[in-house]
Amino acid sequence: MRFYITTAIDYPNSRPHIGTAFEKIGADVQARFRRMEGLDVHFLMGNDENTIKVSQRAEELGVEPKPYVDDMARQFQEVWKALEVSNDDFIQTSEQRHYIGCQKFIQAVYDAGDIEKKAYQSLYCDGCEEFKTAKELVDGRCPNHPNRALREVEEENYFFRLSSFADRLLAHYDANPDFIQPESRRNEIVSLVKSGLQDVSISRKGFTWGIPVPFDPDQTIYVWFDALLNYVTAIGYGTDQERFESIWPADIHVIGKDITRFHCALWPAMLMSAGLPLPKRVFGHGFVYRKDESTGEIAKMSKSLGNAVEPMDLIRSFSAEAFRYYFMSQCPFGGDGEFSFERFADAYNSGLANNLGNLYSRTLSMAVRYFDGDLAGASAIDATAWRAGLDLSALVDELRSLMNTFQYNVAIQRIWAEVLDAANRYIQVTEPFKLVKTDVEATRAVLVNLAEAIRVISILIKPFLPSTAETFYSAFSFAEGAAWETVSYSDILKRPDIADLKVTAPLISGKPAPLFPKIETKAG
RNA sequence: GGCGGCGUAGCUCAGCUGGUUAGAGCGGCGGUCUCAUAAUCCGCAGGUCUCCGGUUCGAGUCCGGACGCCGCUACCA
């Protein structure tokens with residue numbers, strides 16, 4: 001079964017910051033989870049390049065727009081790759097497939113009678129040489145040129161008759177309660193649509209960078225109408241109809257809460273007009289704010305405030321896994337979260353170094369030290385003692401439900417509280433380090449149990465920490481039972497029958513290297 | 001202004017349709033073990049649940065009001 005998941009496409013006029021990374025990781029966790037559930041996942045990301053600002057930025061740098069956006073796309077993908085984001089495709093809206101698909105789509109909407117030509121009035125600043133939106137103005141004036149009067153300019157543009165879709169949209173929200181998530185976003189959209197929709201202008205005159213309107217080549221398709229279409233053009237709309245039909249509709253659009261209305265009102269209306277099915281769900285995630293360690297102030301990240309954090313800085317200083325762990329465990333995906341280096345270090349040290357990493361270290365050290373890494377005869381040993389009192393089956397069900405609803409932070413909390421703690425407690429209670437002096441076979445059983453705990457944990461954390469998960473799985477010879485790529489939640493309760501279980505982790509003088517070296521928090 | 005949300009232990013937050021001594025994680029404090037990355041494990045933390053008033057046998061949990069904070073209020077990816 002297909003599962004088509006997308007993220008918002010990004011403006012490539014600056015490098016990605018950790019807020020945009022938050023969205024991609026959240027979508028990636030979902031994509032990885034769905035793959036584990038056996039779905040045929042198609043995961044799309046991309047960049048939004050057909051905007052006036054992008055061409056202006058290229059001009060500032062003295063380069064042509066296309067090489068500029070291509071280079072930015074390369075840079076974005078480098079970051080996503082470093083964060084282990086597993087997208088299957090990356091669309092640039094300056095590509096041919098998007099050009100062709102957009103023209104076909106706007107023509108279809110035009111033919112359906114939902115596009116008309118009207119006068120569009122807007123304020124133009126001669127200083128900036130660009131149009132200003134009401135929101136950009138300060139006291140009715142351009143913030144950059146407060147002494148110059150804004151000119152009211154009028155031009156003929158094409159408008160999409162969004163206003164005529166209000167009833168159909170409301171009916172859709174009503175029939176599909178899950179269409180907009182989380183719930184709070186849904187309520188906002190419903191009230192917005194109920195308050196009445198206005199037609200939106202979807203073209204601009206006099207620009208060469210962008211996609212021409214097929215029935216009037218003097219005009220180019222304007223931002224939203226163009227950008228939203230990436231979800232269909234990327235999978236073949238207008239260029240490969242068969243492929244398109246095999247993937248569309250999207251199962252989920254993962255987007256920022258600021259752009260829910262475009263995805264929940266404008267986009268479905270566009271699809272209705274073009275006669276295409278609607279996406280099944282739209283998830284509007286929260287934002288990550290920057291908390292200043294010294295002042296405690298919480299602010300939105302931005303370059304002008306000088307508080308933006310680049311993903312690559314954190315990846316280089318720590319690891320992609322640490323990055324993913326922080327955001328997925330500390331920030332509820334549907335709500336807002338905050339970032340500070342102090343909190344990052346706390347979460348890393350307690351969750352990754354002291355808990356997850358340390359469990360790995362102590363288990364492998366004992367297996368190597370006491371048994372030379374060889375736990376032969378493991379399959380004859382009961383390996384459920386480590387989780388006595390834990391209903392693992394029920395936990396897996398609960399986790400599935402949490403993953404389906406993007407409650408990643410709760411899922412991680414549950415895995416740590418139930419499974420990691422159980423394993424650490426098991427060591428504490430059985431004391432293999434003492435037991436080995438009196439009963440070697442009983443100690444072997446304890447270590448077989450711990451190996452099994454390592455295996456279970458590897459599967460549970462697979463969507464979140466793909467690389468650490470694989471390290472856990474390959475710490476012992478589990479791959480003889482099932483290849484890592486195929487392992488999923490359904491394998492959690494199916495212990496593979498491996499008689500000659502042994503340590504296969506890389507060791508340095510008989511010990512594993514720390515997976516997550518502790519971060520020193522206080523200097524001196 | 002309109003609509004919606006929030007204000008619970010030092011920090012981050014749980015607390016469903018009202019009901020025994022208000023919970024968790026982190027930090028902190030005390031203890032324990034020594035396999036491990038001075039990690040683990042055990043125990044402690046007594047917070048007017050923003051304030052005022054009301055409904056009720058009984059309210060963080062419902063109603064009204066006050067104060068504070070936040071989101072949405074359309075063409076900004």
Side-chain angles (χ1 to χ4, degrees), chain A residues 7-13 20 23 46-48 51 53-54 120 122 131-136 157 159-160 162-163 183-185 187-202 222-225 227-228 230 255-263 265-266 286-287 291 296 298 329-332 335-338 340 342-343 346-347 349-370 409-410 413 416-417 420-421 423-436 443 446-447 450 511-519 521:
Chain A
T7 62
I9 53 177
D10 297 301
Y11 252 162
N13 51 2
T20 51
E23 170 177 300
N47 275 1
D48 180 19
T51 68
K53 284 192 175 149
V54 167
Y120 174 72
S122 172
F131 288 98
K132 295 288 169 186
T133 61
K135 234 178 202 173
E136 289 176 294
N157 283 334
F159 279 72
F160 174 59
L162 181 59
S163 59
E183 192 70 20
S184 53
R185 300 281 151 236
N187 297 336
E188 284 174 6
I189 296 299
V190 169
S191 70
L192 171 77
V193 175
K194 277 185 178 163
S195 75
L197 294 167
Q198 288 174 22
D199 295 342
V200 291
S201 101
I202 57 166
Y222 188 61
V223 287
W224 279 105
F225 204 89
L228 288 162
N230 89 88
I255 55 155
K257 64 181 184 180
D258 54 332
I259 54 175
T260 44
R261 66 165 179 270
F262 299 107
H263 284 78
L266 176 59
F287 289 147
K291 184 172 185 179
I298 295 169
S329 70
Q330 304 297 305
C331 308
D336 293 333
E338 57 181 52
S340 76
E342 195 179 314
R343 234 185 116 175
D346 283 348
N349 283 338
S350 75
L352 294 180
N354 295 348
N355 244 306
L356 188 65
N358 189 47
L359 176 66
Y360 176 87
S361 289
R362 62 199 307 210
T363 298
L364 289 181
S365 290
M366 287 191 282
V368 171
R369 185 194 282 209
Y370 306 148
N409 60 328
V410 182
Q413 189 186 313
W416 259 248
L420 288 182
D421 287 359
N424 273 319
R425 209 177 303 121
Y426 178 70
I427 299 177
Q428 187 64 28
V429 171
T430 56
E431 300 185 306
F433 38 87
K434 279 184 185 168
L435 191 60
V436 71
T443 309
V446 169
L447 282 159
L450 287 173
K511 293 179 67 170
L515 258 35
F516 301 100
K518 281 194 90 164
I519 301 174
T521 47

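Keep in mind that the numbers below use all heavy atoms, side chains included, and drop hydrogens, waters and symmetry copies. Order of the sequence lines fixes the chain letters, A, B, ..., with proteins taken first and strands second; residue numbering starts at 1 for each chain.
An OP1 or OP2 oxygen of G4(B) is reached within less than 4.0 angstrom by no side-chain nitrogen or oxygen of R185(A). Within the structure, every side-chain polar atom (N or O) of K511(A) is placed at least 4.0 Å from both OP1 and OP2 of C35(B). Here Y222(A) reaches the OP1 or OP2 of C76(B): one of its side-chain N or O atoms lies under 4.0 Å away. At U34(B), none of the side-chain N or O atoms of R362(A) fall inside 4.0 Å of OP1 or OP2 (strictly under the cut-off).
Annotation: side chain to side chain donor-acceptor pair (under 3.5 Å) contacts of D48(A) (sequence neighbours excluded): none. Partners of D199(A) under the side chain to side chain contact (heavy atoms under 4.5 Å, CB included) rule, at least two apart in sequence or in another chain, are E116(A), K118(A), F159(A), R161(A), S163(A). Every residue meeting the salt bridge (charged side-chain N to carboxylate O under 4.0 Å, His left out) condition with E338(A), not counting sequence neighbours, appears here in chain and number order: K291(A), R343(A). Legend: residues meeting salt bridge (charged side-chain N to carboxylate O under 4.0 Å, His left out) with D10(A), ordered by chain and number and at least two apart, are K24(A). With sequence neighbours excluded, the residues that form a salt bridge (charged side-chain N to carboxylate O under 4.0 Å, His left out) with D336(A) are K257(A). F262(A) meets the ring pair (Phe, Tyr, Trp, His ring centres under 6.0 Å) test with W224(A); sequence neighbours excluded. For Q413(A), the side chain to side chain donor-acceptor pair (under 3.5 Å) test picks out no residue, with sequence neighbours left out. In this structure S184(A) satisfies the side chain to side chain donor-acceptor pair (under 3.5 Å) test with no other residue, sequence neighbours excluded.
When the P atom is used for both U8(B) and C51(B), the distance is 10 Å, rounded to whole Å. The same atom, C1', is picked in C6(B) and in A14(B); the two are 15 Å apart, to the nearest Å. One C1' atom belongs to A45(B), the other to G7(B), and the distance between them is 23 Å to the nearest Å. G19(B) and G2(B) are spaced 38 Å apart, taking the C1' atom of each and rounding to whole Å. Atom C1' of U40(B) sits at a distance of 31 Å from the matching atom of U21(B), rounded to the whole Å. If you take atom P in C52(B) and the same atom in C72(B), they sit 33 Å apart, rounded to whole Å. Look at the P atom in both C62(B) and C44(B): the space between them is 31 Å, to the nearest Å. The C1' atoms of A22(B) and U48(B) are separated by 13 Å, rounded to the nearest whole Å.
When distances run from any side-chain atom of R425(A) to the nucleotides C42(B), G71(B), C35(B), the shortest one goes to C42(B). Candidate nucleotides C41(B), U37(B), G71(B) were compared by shortest atom distance to the side chain of N358(A), and U37(B) ranks first. Relative to the side chain of M366(A), the nucleotides C35(B), C76(B), U37(B) differ in distance, and C35(B) lies closest. Of the candidate nucleotides U37(B), G71(B), C76(B), U37(B) has the atom nearest to the side chain of F516(A).
For the pair Q330(A) (side chain) and A347(A) (backbone), a donor-acceptor distance under 3.5 Å is absent.
In this entry the distance linking CG of L359(A) with C1' of U37(B) reads 12 Å, nearest Å. Remark: C1' of A39(B) and CG of L420(A) are 14 Å apart, rounded to the nearest angstrom. For the pair N187(A) CG and G5(B) C1', the interatomic distance rounds to 10 Å; values are reported in whole Å.
Using a 4.0 Å heavy-atom criterion, one finds that L228(A) contacts the bases of the nucleic acid, with or without backbone contacts as well. Within the 4.0 angstrom heavy-atom criterion, base atoms lie near L197(A). Using a 4.0 Å heavy-atom criterion, one finds that S184(A) contacts no nucleic acid atom at all.
Proximity of residues 428-436 of chain A to RNA chain B (heavy atom under 4.0 angstrom from any strand atom) is restricted to Q428(A), F433(A), K434(A).
Ranked by how close their nearest RNA chain B nucleotide is to the 5' end, P332(A) and I9(A) are led by P332(A). Taking for each of A8(A) and P514(A) the nucleotide of RNA chain B with the nearest heavy atom, the 5'-most of the two is the partner of P514(A).
Stem analysis of RNA chain B (at least three stacked-register Watson-Crick or G-U pairs, each with both distances under 3.5 Å) gives B:1-7 with B:67-73, B:10-13 with B:23-26, B:28-31 with B:41-44, B:50-54 with B:62-66.
Screening residues 355-367 of chain A for side chain to side chain donor-acceptor pair (under 3.5 Å) gives N355(A)-N424(A), R362(A)-N424(A) as the qualifying pairs, with residues at least two apart or on separate chains.
L364(A) approaches P512(A) most closely through the heavy-atom pair CB-CG, 3.9 Å. When all heavy atoms of A423(A) and L359(A) are compared, the closest pair comes out as CB-CD2, 3.8 Å. Minimum interatomic distance between A227(A) and I9(A) (heavy atoms only, all atoms of both residues): O-CD1, 3.7 Å.
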Polar atoms only, N or O, under 3.5 Å: list the protein pairs with nucleotides 23-25 of chain B and their distances.
none

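Applying the 3.5 Å distance criterion, the base of A39(B) shares no donor-acceptor pair with the side chain of N354(A).
Taking the O4'-C1'-N9-C4 or O4'-C1'-N1-C2 dihedral as appropriate, G60(B) has a value within 90° of 0 and is therefore syn.
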